[in-house]
Structure formats: C-alpha cells, structure tokens
Amino acid sequence: MTFCANAVRARVPALKAGSARFDAPGGTQTPQPVIDGIADALANPLANRGLTTEGERNAEAVVTRARRAMADLLGADPRGIVFGRSSTQLAYDLSRTVAKSWGPGDEVVVSRLDHDSNIRPWIQAAEAVGATVRWAEFDPATGELTTDDIAAVLSARTRLVAVTAASNLIGTRPDIPAFADLVHRAGALLHVDAVHYASHAAVDLPGLGADFLVCSPYKFLGPHLGVLASRPELLETLRPDKLLPSTDAVPERFELGTLPYELLAGDFLASLAPGADGTRRERLLAAFTAIEAHEDALRARIEQGLADLGGITVHSRATHRTPTLLLTLAGRSTTAASRYLAERGVDAPAGSFYALEASRRLGLRDEGGLRIGLAPYSNDEDVDRLLETLAGFLGTTPAVG
C-alpha cells in the first residue's frame with residue numbers, strides 16, 4: 001500500500017489555516033469524518049443508554065460500536081474497554097482502585113522516562129497506603145530504558161510497574177514485551193502508557209503483555225477522551241469507588257457518570273489503508289504499517305537537515321523511537337525558537353510537556369527543549385518549511401550569554 005499524506009490532509013479542515021504543524025504529540029487535528037460523526041450523534045435523539053426509546057437505542061449503539069472499534073485498534077476484548085475523560089483521569093482512577101490491596105512493605109515501580117500522568121498517580125496512591133516507590137532510570141546519553149533497568153528495581157514485593165511504551169518527550173520505544181515477562185515473573189502487574197505509542201504504531205495488547213494500557217484518541221486523529229484497555233477477567237477483580245445505583249457490570253463499573261456519546265461516534269483510522277482487505281483490525285494494521293514508513297522517512301529527512309544546520313543537539317537517540325525529536329540549540333532559547341517558528345507558520349512547541357522527570361534526567365531541568373513531532377498528515381513541504389525557518393532563526397538570532 002502506498003501512503004498518501006496529501007489525501008489525509010484533504011480530509012483535515014484545520015490544515016487549511018496554512019501552518020506546518022509539528023505539534024502532533026500534544027494532539028492531532030481532527031479529520032472531517034470524525035467531525036461529521038460527532039455532529040451526527042448530536043443531531044439525532046440521545047438519552048441515557050437503554051433499549052426503549054430511540055434516544056436510548058442510539059446511545060447504546062454508539063457505545064457498543066465505539067468499544068468494538070477501540071478493541072480492534074488495540075487488539076483487545078470490547079468487554080475490557082473503559083472510556084474516560086482523559087488518560088490522566090483513568091490512571092488516577094485505576095491507581096486508587098488497585099492500591100486498595102497494597103500496604104506497607106509493598107512496592108510500586110515508576111520510570112523517569114514517563115509522562116507525569118504515569119508517575120504521579122502511582123506515587124500518590126502508594127503514599128496513601130504506605131507502599132514504597134522505586135524508580136527505574138533511563139540512560140540520558142542514549143535515551144534507552146532497558147530490561148536491566150527494570151530488573152534492577154523489581155523484587156518479590158513489587159505489586160505494579162508503570163512504564164511508557166513510547167516517550168512523549170524523546171520518542172524512546174522500550175521493549176515492553178520483555179518488560180512484561182520480567183514483571184509477571186516477579187508476580188506483579190504491568191500498566192503501560194501507550195498515549196504516544198498508539199499515535200505511531202499498531203497496538204497489540206496481548207502481544208505487549210500489558211495488564212492495563214491507556215491511550216488518548218485525540219493523539220491519533222480522534223476526539224478528546226481517554227481509553228483504558230485490559231482483560232475483562234482482570235477488571236472483574238477490581239472494585240472501584242462508584243455510585244450506589246450505578247451498574248456493577250464490567251467495563252461500565254469503571255465509567256463514572258454518563259459517557260460523552262458524541263465523542264465515541266467517529267471512526268477514521270481504518271480508512272487510511274485504501275485497497276487493504278480483511279477485517280477492520282487487519283485494515284488498521286495495514287494503515288499503521290504505511291503510516292510508520294511514511295513518518296520514519298520524514299524523520300530521517302529532518303534528522304539529516306538538523307545535522308547539516310549544526311549547533312543543534314538532538315536528544316532523541318534510542319534505537320527504536322517514534323518520529324518525535326527533542327532539540328536544544330547551542331546558546332539559544334528554545335522558547336524563542338518556538339515563537340520565531342510560530343510567527344512564520346511553523347508550529348513546534350517548546351517545553352518539557354509534562355515529562356518533567358525525563359527532562360530533568362536529560363539535564364534540561366524543567367525547561368525541556370523544542371519538540372518536533374510528526375503525524376500522518378505531515379508531508380515533505382512541511383519538513384522543508386521547518387528546516388528553512390529553523391535555519392533562519394539560527395542565522396538571524398544572536399546567541400544567549
């Protein structure tokens with residue numbers, strides 16, 4: 001299959017604004033079919049889920065279809081798909097629920113590579129019950145988080161390990177299946193943050209070996225919500241806090257209040273594999289294979305262009321990584337660079353992007369760097385504009401200090 005970024009761009013109305021967008025790690029722009037799905041859901045009768053009225057049946061159908069779609073995307077069971085406001089909210093809810101069985105002497109492992117939403121909820125849940133937190137460190141020189149790093153902090157007292165499948169700051173993709181093997185042999189559970197990973201690679205929940213996995217559809221051309229995937233039988237063992245009249249059925253027992261039905265109505269990714277046959281899962285796998293090849297080719301162009309410019313340190317160095325580059329500029333402010341680029345129609349934000357621990361581990365304190373992230377709608381013209389505008393900044397802006 002030949003991937004055509006311009007065909008994707010034609011279906012994303014926000015791109016008509018004209019900017020070359022490299023801010024996708026913070027959220028992608030929304031395709032028209034997703035917008036239409038949301039509008040159609042709101043334009044038709046909706047009510048609390050049920051089977052009596054048209055509004056009830058519409059809501060029930062939207063939720064059922066959405067669970068099946070997310071299950072196809074993640075290689076999961078629809079009965080193990082939980083919807084929430086965000087991955088952060090889901091991590092907090094899950095951490096408080098799982099921690100009900102922890103106490104003094106138990107241990108929880110978090111990683112310096114992670115977004116804070118896969119660190120702080122687990123730390124705070126552990127502290128609330130007197131459990132101990134242990135840190136898995138990554139190598140700042142290579143950006144790698146290895147099995148040795150995880151093994152070093154596992155023990156017979158480990159109850160859960162929380163780790164990212166891809167760093168939202170520097171793109172590192174650790175070997176999650178190998179981590180899962182270590183974690184399970186220690187008798188612990190594995191919680192995987194796939195928010196950044198699911199934007200660039202096909203997710204296979206059983207293949208990764210994750211007990212819990214979260215992602216955010218707005219990072220991969222969808223609406224703003226969060227998704228938790230797990231095995232239904234594992235969810236059955238957990239007792240979240242909930243309202244007395246709320247259902248105790250799985251997965252609904254984890255969904256607090258009424259779901260945002262309209263945000264569950266869009267379905268776009270499978271259409272990115274024109275000509276691909278088979279089930280929706282098979283078409284999604286074909287789409288992600290093509291997307292990865294497209295984005296990796298653009299990433300290689302950017303990396304070569306940055307090397308040619310000189311005076312730039314690229315902190316994204318892991319062998320396996322997403323098309324996400326964190327840069328610092330010798331003697332120059334990345335905040336100023338981001339502003340200069342934005343004024344010229346190139347959107348590449350600066351910061352640590354809630355990956356505070358990773359930024360500090362890299363020696364970048366809380367300031368972080370300039371982040372360049374690709375999406376399926378990125379194209380060669382965007383890359384040309386980025387490199388030309390960045391060269392203009394380096395050539396016209398005096399060094400700091």
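No experiment lies behind these values; they were computed from the predicted model shown. Computed over heavy atoms, backbone and side chain alike; hydrogens, waters and symmetry mates excluded.
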Of all residues at least two apart in sequence or in a different chain, which pass the side chain to side chain contact (heavy atoms under 4.5 Å, CB included) check with Thr164? Leu113, Asp114, Asp193
Between Asp366 and Arg360, does at least one N-O distance fall below 4.0 Å, as a salt bridge requires? yes
Between the side chains of Glu292 and Arg173, is the shortest nitrogen-to-carboxylate-oxygen separation below 4.0 Å, so that they form an ion pair? yes
Do the charged groups of Arg301 and Asp380 touch, with an N to O distance under 4.0 Å? yes
Decide yes or no for Arg281 and Asp204: does some side-chain heavy atom of the first lie under 4.5 Å from some side-chain heavy atom of the second? yes
How about OH on Tyr354, more than 12 heavy atoms from neighbouring residues, nucleotides or ligands closer than 6.0 Å, or not? no
Please determine if Arg65 and Glu60 form a salt bridge, counting it only when a charged side-chain N lies under 4.0 Å from a carboxylate O. no
The residue among His196, Arg299, Glu295 that forms side chain to side chain donor-acceptor pair (under 3.5 Å) with Thr324 is His196
Tell me if the CZ atom of Arg157 is crowded by more than 12 foreign heavy atoms within 6.0 Å. no
So, Glu282 side chain and Thr279 main chain: donor-acceptor pair closer than 3.5 Å or not? yes
Residues two or more places apart in sequence or in another chain: which of them pass side chain to side chain contact (heavy atoms under 4.5 Å, CB included) with Arg159? Trp102, Asp106
Look at Glu144 together with Arg112 and state whether they make a salt bridge at an N to O cut-off of under 4.0 Å. no
Salt-bridge present (Lys100, Asp241; N to O < 4.0 Å): yes
Can you give me every donor-acceptor pair (side chain of residues 220-230, partner residue at least two apart or in another chain, under 3.5 Å) with its distance?
residue: Ser230; atom: OG; partner: Asp211; partner atom: O; Å: 2.7

Any salt bridge between Asp277 and Arg283, counting N to O under 4.0 Å? no
Would you say His184 has more than 12 foreign heavy atoms packed within less than 6.0 Å of its NE2? yes
The criterion is side chain to side chain contact (heavy atoms under 4.5 Å, CB included); which residues satisfy it with Ser359, sequence neighbours excluded? Leu169, Ser352, Leu364
Is there a side-chain contact between Leu329 and Phe393 (heavy atoms, below 4.5 Å)? yes
Are any of the side-chain heavy atoms of Trp122 and Leu94 separated by less than 4.5 Å? yes
Residue pair His191 / Val214, side-chain heavy-atom distance below 4.5 Å: yes
I'd like to know if the side chain of Ser316 and the backbone of Leu326 have a donor-acceptor N/O pair within less than 3.5 Å. yes
Between Glu107 and Ser155, does the side-chain hydrogen bond (donor to acceptor under 3.5 Å, both in side chains) criterion hold? Intermediate values first, please. CA-CA 8 Å; Glu107 296 180 353; Ser155 76; 2.9 Å; yes
Is there a donor-acceptor contact under 3.5 Å linking the side chains of Thr88 and Ser86? no
Side-chain donor/acceptor of His200 to backbone N/O of Ala166, under 3.5 Å: no
Cation-pi between Arg371 and Phe22: NZ/CZ under 6.0 Å from ring centre and within 45° of the ring axis? no
Enumerate, atom names and distances included, each donor-acceptor pair closer than 3.5 Å involving a side-chain atom of residues 33-46, sequence neighbours excluded.
residue: Asp36; atom: OD1; partner: Gln32; partner atom: NE2; Å: 2.8
residue: Asn44; atom: ND2; partner: Asp40; partner atom: O; Å: 2.8

Could you check whether Arg96 makes a cation-pi contact with Tyr92, meaning its NZ or CZ is under 6.0 Å from the centre of the six-membered ring and within 45° of the ring axis? no
Look at the side chain of Arg21 and the backbone N and O of Asp347, then say whether any donor-acceptor pair between them is shorter than 3.5 Å. no
Side-chain touch Val109/Phe179, heavy atoms, less than 4.5 angstrom: no
With a 4.5 Å limit on heavy-atom distance, are the side chains of Asn379 and Asn6 in contact? yes
Check whether Thr389 reaches the backbone of Arg385 with its side chain - one donor and one acceptor, N or O, closer than 3.5 Å. yes
So, are Arg361 and Glu357 salt-bridged, with charged N and O less than 4.0 Å apart? no
Side chain proximity check, Leu182 to Leu154, heavy atoms < 4.5 angstrom: yes
Rounded to the nearest 0.5 Å, what's the gap from CG on Leu390 to CG on Leu306? Could you check? 6.5 Å
Residues which pass side chain to side chain contact (heavy atoms under 4.5 Å, CB included) with Asp77, listed by chain and number, not counting sequence neighbours: Arg79, Pro232
Arg239 side chain near Arg253 side chain, heavy-atom distance below 4.5 Å: yes
May I ask you to decide whether Asp72 forms a salt bridge with Arg68, counting only side-chain N to carboxylate O separations under 4.0 Å? no
